[in-house]
Amino acid sequence: MSEKTPEKDAVVKKNFIRQIIEEELKEGKNDGRVHTRFPPEPNGYLHIGHAKSICLNFGTAQEYGGITNLRFDDTNPSKEETEYVESIKKDVRWLGFDWGEREYFSSDYFDNLYAFAVKLIKADKAYVDDQDAETISAQKGTPTRPGFESPHRERSVEENLDLFERMRGGEFNEGEKVLRAKIDMASPNMHMRDPILYRIMKTPHHRTGDKWCIYPMYDFAHGQGDYWEGITHSICTLEFEVHRPLYNWFIDQLKEGEYRPRQIEFARLNLTYTVMSKRKLLELVKENYVNGWDDPRMPTISGLRRRGYTPESIRNFADRIGVTKVDGMIDVALLEHSVREDLNKKAQRVMGVLNPLKVVITNYPEGQVEELDAVNNPENPDAGKRKVPFSKEIYIERDDFMEDPPRKFFRLAPGREVRLRYAYYLTCNEVIKDESGEITALHCTYDPETKGGNSPDGRKVKATLHWVSASNNVEAEVRLYDRLFLDEEPDGHKDRDFKEFLNPDSLTVLKKCYLEPFVKDAKPLDSFQFERLGYFNVDPDSSTDQLVFNRTAPLRDNWSKFKGK
RNA sequence: UGACCCGUGGUGUAAUUGGCAACACGUCUGGUUUUGGUCCAGAAGAGUCCAGGUUCGAGCCCUGGCGGGUCAACCA
């Protein structure tokens, strides 16, 4: 356990939720239990915002010796699917969290919920309303104007019981009747104005099949699930703040002893240059702006995984951004920093040329091949060394040569000497062009005295270039990713659709890239650092005869910054 | 004309719960370097939304403003 990560090292900052928990612990509340839950609706893939919530729920419980349930909030059969359930479980596990045997579904509680509804009716705290959605909505008033009561509000308990029973029996059509709580139509809080508890939906459910044709609303299911599972802290996002009085109202009707779950809200994650709403992400997928939920440009957990992000890097990121009630916007640079930091420690180094320029070393013996020593990871001596083949013809990066270099360009240019990493000093003598003036090759000479990259006379070079042998390499496809949107907050503009800000160059596919032979047996998701370029991992699209790499993140690069000025 | 929540460098979080604002990212210098990476050293950048008040002392407490967000789905 000598490995140092911010995760382990960080002085654990006490966010406001931990402060609340510690105060409660001091008071002896819940017998010292801390029990949280992560409650996704299985109607889409998880994204980095959910990762924040997952880390918060599981991490907080862990810290206080508690546990966390996974609960699928599946009260709306028209949107929810088993495919999403599976992807969610995979993502939570991949992030490194375990819910043990405690895998629940809101649909597990349909019987209990029904019984609870009957109890409310008997207590004259719920009634069946025959009005249609528009009428009910109109009666609800507005945030600034109170609502007025439904003409069916004072039905007898017997009639309500009968009607509700028949709703369940399938006697009515969708929209004909709903069950509502009888609370206060004049409440300043809209959610307390006789909220709907049950609606009729003649849609089969992914788990209960056609057993039910009435389904509970979120508000009528969530808190009760918390209560029945013994949840102590029900952590959710800010927009549920106004639901809290209703959450508590239901718990009040339900609770028998002292115990009650407590809802606490925190600010959801917003990241620059992306969108985070499931609806918008679904739109990108459905309309083929990206290639599926796990497209490496997506902020989904599956997308980040495919892109080459590690669970550690995401957890560290979640740690760093903290937890508050301030609705802010995190710079995506912080996310990128988190992967680089993690991959810098772990990634196998390798040389790869993305935009090849051929170099002929005129004084190197024809047909000779040398196996040169290369360090696998300078950050980790235990990673050892490997051999890289060197030959008369090699490829270098086109960007590493300029015929007419500006000041501050340290790399190869006519008459200039540079180092080929782990190989020799190289001097450019001649630039070969085709009839259109395009540079097609360089004729260079090497200094045999500089094998390994050091000159016996101590002469210095200003640059070290990566290279790949032209005769012994692996050809691969490399996919370069840039931010999906050109605007910091694509969905932050009134009257403009977020898709207007899509970056047309968010994906660049390079078909003929040359990598050193070391990568030939790489498996999907394996991460590498292509020296001087960035972190890359193997895409699942790879096959044995066609390797495909994704660029996870480029290396920090002062030259390109300078160049851009 | 409502209710609830929020307001600390460019961004995100801290501040021993009242003792003259710290850390990270980003930015900019410089050093080391066989990755223009990493690493190291340093700098700029907020006087805590505003105005009053309490106090020896306020980012923390009180009052009043201002600004932002959320709430009017038979979605979650």
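Residue numbers begin at 1 in each chain, while the letters A, B, ... track the order of the sequences.
Here A:Thr75 lies in heavy-atom contact (under 4.0 Å) with sugar-phosphate atoms only. At the heavy-atom level, A:Val326 lies under 4.0 Å from the strands shown only through sugar-phosphate atoms. The residue A:Glu336 sits apart from the nucleic acid: no heavy atom pair falls under 4.0 Å. Among the protein residues, A:His191 comes within range of the sugar-phosphate backbone only, with heavy atoms under 4.0 Å from sugar or phosphate atoms but none that close to a base. As judged by a 4.0 angstrom heavy-atom cut-off over every strand, A:Asn43 is placed among residues making no nucleic acid contact. Among the heavy atoms of the strands lying under 4.0 Å from A:Met217 are primed sugar atoms or P, OP1, OP2 only; no base atom is included. Nucleic acid contact class of A:Met201 (heavy atoms, under 4.0 Å, all strands): none. A:Ile321 comes within contact range of the sugar-phosphate backbone alone, with a heavy-atom separation under 4.0 Å but no base atom that close.
Rounded to the nearest Å, the gap between the C1' atom of B:U1 and that of B:C56 is 44 Å. B:A3 and B:A43: their C1' atoms are spaced 48 Å apart (whole Å). B:A22 sits 12 Å from B:A46 when the C1' atoms are compared, rounded to a whole Å. With both ends at atom C1', the span from B:G12 to B:U54 equals 33 Å, rounded to whole Å.
With B:A15, B:G7, B:C74 as the candidates, the nucleotide lying closest to the side chain of A:Gln19 is B:A15. Counting only heavy atoms from C-beta on, A:Arg421 has its side chain closest to B:U35 among B:C71, B:U35, B:A76. Looking at the side chain of A:Ala133, the nearest of the listed nucleotides B:U11, B:C74, B:A72 is B:C74. Of the candidates B:C6, B:U70, B:A72, B:U70 carries the atom nearest the A:Glu239 side chain, counting heavy atoms from C-beta on.
Within the 3.5 Å criterion, the main-chain N or O of A:Val339 finds no donor-acceptor partner in the side chain of A:Asp342. Judged by distance alone, the side chain of A:Thr135 and the main-chain N or O of A:Gln131 form no donor-acceptor pair under 3.5 Å. In this structure a side-chain-to-backbone donor-acceptor pair under 3.5 Å is missing from A:Gln263 to A:Ser234.
Applying the 90° cutoff around 0 to the glycosidic angle, B:U17 is assigned syn. Applying the 90° cutoff around 0 to the glycosidic angle, B:G45 is assigned anti.
Remark: A:Thr144 is not in phosphate contact with B:U1, judged by side-chain N or O atoms under 4.0 Å from OP1 or OP2. Taking side-chain N and O atoms only, A:Lys561 has a distance below 4.0 Å to OP1 or OP2 of B:C28. Side-chain nitrogen and oxygen atoms of A:His337 include at least one within less than 4.0 Å of the OP1 or OP2 phosphate oxygen of B:C25. Close to B:C75, at under 4.0 Å from its OP1 or OP2, lies a side-chain N or O of A:Arg199. Dashed line: the shortest gap from a side-chain N or O of A:Ser137 to OP1 or OP2 of B:A73 is under 4.0 Å.
Note on ring orientation: taking the six-membered ring where Trp is involved, the planes of A:Phe536 and A:Phe530 are parallel (angle under 30°, cut-offs 30° and 60°).
The shortest distance between side-chain heavy atoms of A:Val178 and A:Ile200 does not fall below 4.5 Å.
Salt bridge A:Asp130/A:Arg155: present, at least one basic N to carboxylate O contact under 4.0 Å. Checked for salt-bridge contact, A:Asp400 and A:Arg532 meet the test: a charged N lies under 4.0 Å from a carboxylate O.
Here the rule is salt bridge (Lys or Arg N to Asp or Glu O under 4.0 Å) with A:Arg18, and of A:Glu23, A:Glu63, A:Glu24 only A:Glu63 fits it.
You'll find the ring centres of A:Phe72 and A:Tyr84 outside the 6.0 Å limit.
Of all nucleotides present, only B:C71 satisfies the Watson-Crick or G-U wobble test against B:G2, with each distance under 3.5 Å.
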Protein heavy-atom contacts under 4.0 Å, written 5' to 3' over nucleotides 36-44 of chain B as B (base), S (sugar-phosphate only) or - (none), form the string BBB------

